[in-house]
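The structure appears below as structure tokens.
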2 protein chains.
Amino acid sequence: MHAGTVRRRHDTTAVNPRAAHLSLALRHVAEASGQISRADIAARTGLNRSTASSLVDELITGGLVKETGATPRTRAGRPATALALRDDGPAGLGVDVNVDYTAVCVVDLTGAVRYKHVVAEDQRGHTMAEILDRINTLSRAAHAAARADELTLCGSAIAVPGIVDRDRATVTLAPNLGWRDLAVTEVLPADVHGLLDNEANFAALSEPGLLRARASYLYVSGQIGVGAGIVLDGHLYRGTHGWSGEIGHLTVDRDGPPCPCGRRGCLERYAGQEAILRAAGVSSDPGTALGVRPTITLIADRARSGDTATLAALTRAGEVLGATLAGCLNLLDLGHVVLGGIYRDLAPWIAPEVEREVATQFLGAPWARPTVEVATYGPEAPAIGAARSVIHDVIGDPLRWLNR
Amino acid sequence: MHAGTVRRRHDTTAVNPRAAHLSLALRHVAEASGQISRADIAARTGLNRSTASSLVDELITGGLVKETGATPRTRAGRPATALALRDDGPAGLGVDVNVDYTAVCVVDLTGAVRYKHVVAEDQRGHTMAEILDRINTLSRAAHAAARADELTLCGSAIAVPGIVDRDRATVTLAPNLGWRDLAVTEVLPADVHGLLDNEANFAALSEPGLLRARASYLYVSGQIGVGAGIVLDGHLYRGTHGWSGEIGHLTVDRDGPPCPCGRRGCLERYAGQEAILRAAGVSSDPGTALGVRPTITLIADRARSGDTATLAALTRAGEVLGATLAGCLNLLDLGHVVLGGIYRDLAPWIAPEVEREVATQFLGAPWARPTVEVATYGPEAPAIGAARSVIHDVIGDPLRWLNR
DNA sequence: TTCGATTTGTTGCTGGGCACAACATACGGC
DNA sequence: GCCGTATGTTGTGCCCAGCAACAAATCGAA
């Protein structure tokens, strides 16, 4: 079940066993894609074989699951028929509105990205209406592409750089876009109700291992700010208001340099994009449009060519970031960190430092060595994660798709 | 459902609707004690009135719920019969083994503490066998007291200062007790299976508001170290290994004083008991037995009499603690902190500082002002929370009690 | 006071869905 | 070719939630 919409925030409501079991069976198919049979589902869930069969049949006739021939026969006995998710059923539309680009993508039930389109253009030169219009146009194109690919869009989600109110589907505040109390999902095609969340949160959902391994990890997204998505047991933890993961303003040094937020020595002042650029001696003039990517690849180029100032800046940033993350891991008892955003591009220099800091400062290290991983997707992560969240909702409540 | 034992760590198993609904009904009775009727339960859960009646009847015949006359009649219509938890049914046994005292208590289904006994004696002068023997003796006495009070002990839980492996019911490491890989729950009466957890975690469960309000908060437990229990939506969050809440070694200042853990500038070095004592100019010689309480009350006395060094030490500790907690709240998006352990005794001087720091540094403050609260229970909190965790398990799975 | 309106709790009925058992199916091994 | 084994299907019974009708207990108004 996707932690967001279907979330049993108050699990004080009655349970529908059929719906729960359909989701359960579908989840097992998704987690062990292509290598699972009806009997396996029965064994793993504790349900009776006949019940599992009935559930799978309903999922098959509903167009969510298909049989994929027989499994490789190993033991004696009748060979099982393998089950897998259909890749021509429901699909999710993901949109990412960032400061200097807009991205849309379509993800099918298996989690595969079936369509992707990125428009790299700084939003700051455009009015709100123009931005919304672009979102609308891109969404329509994605919608058409999905239909041409025999996919049925069954939902959409928008990632924005800011604070959102998910219940009201409203952007509370997105400073870099100049948005405040904006119901942005209304520009989406009417037949797909729109979800909404922070970029870091959706980016965290883009990791492919999430569903398969029922993972718990901290996804760190380095951008102009530094955010994080907290994934616990395969579910995004959003906090009481939906603002979880605000690590950019954790205090590194109470006597450190002042931060626009009013405090001193925030993590962003050491490991944020601007701080890295400044420490490396690169001008970070916001007037040079298309800011984010190019400057970061510039940094990477410099580091690759051995520029000492750049290498020192990255080492320092990695150290500070690692130390801060170690604290987060200690608080949450998480054993896994994923480096996303700019840290993914800078991973060759940042990751070792983070790994070292985390290994030495994680208190559980003697019993469980923490791992640091580089994100699978780069700038397209929020859009993919957004689309995937739609898929998660289908898997969490397949009945809504079945009797649509 | 209690997040610990009954926890759907992998919610990959079939659901038993009857069990879930019994728990649901019982939970509603517990949350709205004395002011709820069968019809209310039906309305709030979405279950049919007849179903709610059936569930309540089963809970009544099982000895978990009772009718308490009629409700004050306000509107027209047949007056409802109020329901409440029985206080003469199942009860939980809680044990707290700390460095300088051992505590046991019995909590009934309503959450009330029905028996309590604390033996203040430093464990460091005794062998492991002696300590275990004392636990056994105290437990037997509590068992007898519960029986004399017409209560039926249906489970037990032990709080220890250290790292535990809940699945194996084993203390992995309790430095101050000298324990390592000890299956401490085996000394409990055989008919009550023993749970096990860290003191801070159980202490967090001792707060009475937990069940009623489905709360989310950070319970900070100041002792020799500084620990925390993370409560999300009324459930204790224990992390992937059960070590969550380790805030004592969050870094306050990377260039700060060295800490025995090998790092520098850990929170404990500023807001831990020893640090406060030292900063206040009080000797913290560990040779003076019965260390914890008396020295803390001494500090409180000094502060009350206006000793400037003491007041400065407390202000500083509160500041640093508050700043660190603000970071935790930002990461987890929690809006509520409970100050427990020594911070409860020192609350008059610590709490305002914490409150100020949290208010200014919590990023969500403009939309949701964070609150700081003083813990309900003092040193007995872990034992009470341990006992209460047993009760939570009964409420989370009443069937196990009903067909015992 | 009486009668309708209203809300609560109970009872009998129905149907959905799961467990169970028996059976058909399809292999491997001897 | 036969037996053992594992998978998937079919038929049966039971649990339990929903539904509707009814009894119970109050309020309000004529």
Side-chain angles (χ1 to χ4, degrees), chain A residues 13-26 28-29 32 34-62 65-84 398-399 402-403, chain B residues 13-26 28-29 32 34-62 65-84 398-399 402-403:
Chain A
T13 49
V15 63
N16 178 347
R18 187 66 178 178
H21 289 160
L22 280 170
S23 168
L24 193 58
L26 187 55
H28 274 95
V29 174
Q35 294 288 11
I36 195 171
S37 67
R38 294 167 169 82
D40 289 332
I41 293 175
R44 294 180 199 180
T45 58
L47 291 165
N48 191 282
R49 270 215 317 282
S50 61
T51 308
S53 249
S54 152
L55 293 167
V56 168
D57 288 348
E58 192 166 345
L59 292 173
I60 288 178
T61 57
V65 169
K66 65 182 174 187
E67 298 183 335
T68 61
T71 51
R73 15 195 172 293
T74 65
R75 296 165 298 184
R78 171 175 172 174
T81 47
L83 303 169
L399 266 187
L402 293 180
N403 46 28
Chain B
T13 50
V15 62
N16 179 347
R18 188 64 177 180
H21 288 160
L22 280 169
S23 167
L24 193 58
L26 187 54
H28 274 95
V29 174
Q35 293 289 12
I36 196 171
S37 68
R38 294 168 169 81
D40 289 331
I41 293 175
R44 296 181 198 181
T45 59
L47 292 164
N48 192 283
R49 270 215 320 281
S50 60
T51 308
S53 249
S54 152
L55 293 167
V56 168
D57 288 348
E58 193 167 342
L59 292 173
I60 288 178
T61 57
V65 169
K66 64 182 176 187
E67 298 183 334
T68 62
T71 51
R73 14 196 173 293
T74 65
R75 298 165 296 185
R78 171 175 171 174
T81 47
L83 303 169
L399 266 186
L402 293 180
N403 46 27

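Fair warning: this is a prediction, and the values are worked out from it, not measured in the lab. Chain letters run A, B, ... following the sequence lines, proteins first, then strands; residues in each count from 1.
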Minimum heavy-atom distance A/T45-A/H28, with the two atoms named: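 Smallest interatomic distance, heavy atoms only, reads CG2-CE1, 3.5 Å.
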Considering all heavy atoms, the nearest B/P398-B/A19 contact: CD-O, 4.5 Å
Gap between atoms [atom1] and [atom2], on [X] and [N] respectively (whole Å):
X: B/D57; N: D/dC16; atom1: CG; atom2: P; result: 14 Å
X: B/R49; N: D/dA24; atom1: CZ; atom2: P; result: 16 Å
X: B/E58; N: C/dT10; atom1: CD; atom2: C1'; result: 16 Å
X: A/R78; N: C/dC27; atom1: CZ; atom2: P; result: 9 Å
X: A/N16; N: C/dC18; atom1: CG; atom2: C1'; result: 13 Å
X: B/I36; N: C/dT8; atom1: CD1; atom2: C1'; result: 14 Å

Side chain proximity check, B/L59 to B/L83, heavy atoms < 4.5 angstrom: no
Heavy-atom side-chain proximity of B/L47 to B/L55 below 4.5 angstrom: yes
Value rounded to 0.5 Å, distance of [atom1] in [X] from [atom2] in [Y]:
X: A/H21; Y: B/T13; atom1: NE2; atom2: OG1; result: 8.5 Å
X: A/T61; Y: A/L402; atom1: OG1; atom2: CG; result: 7.0 Å
X: B/I36; Y: B/T68; atom1: CD1; atom2: OG1; result: 11.0 Å

Selection: residues 37-47 of chain B, any non-hydrogen atom under 4.0 Å of DNA chain C: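 Within this stretch, B/S37, B/R38, B/A39 sit under 4.0 Å of the strand.
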Side chain to side chain contact (heavy atoms under 4.5 Å, CB included) partners of A/A20, counting only residues at least two apart: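 A/A20: side chain to side chain contact (heavy atoms under 4.5 Å, CB included) contacts with B/V15.
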Counterpart residues, side chain to side chain contact (heavy atoms under 4.5 Å, CB included), relative to A/S50 (two or more places apart): A/N48
Residue-phosphate contact under 4.0 Å: B/H21 side-chain N/O, D/dC16 OP1/OP2: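 It does not, given that no N or O in the side chain of B/H21 lies less than 4.0 Å from OP1 or OP2 of D/dC16.
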Which residues share a side chain to side chain donor-acceptor pair (under 3.5 Å) with B/S37, sequence neighbours left out: B/D40
Under 4.0 Å protein heavy-atom contacts per nucleotide of nucleotides 10-15 of chain D, with B for base, S for backbone only and - for none: B-----
Summary of salt bridge (charged side-chain N to carboxylate O under 4.0 Å, His left out) pairs that have at least one residue in residues 42-60 of chain A, sequence neighbours excluded: A/R18-A/E58, A/R38-A/D57
Atom pairs, N/O to N/O, protein against nucleotides 27-30 of chain D, distance under 3.5 Å?
none

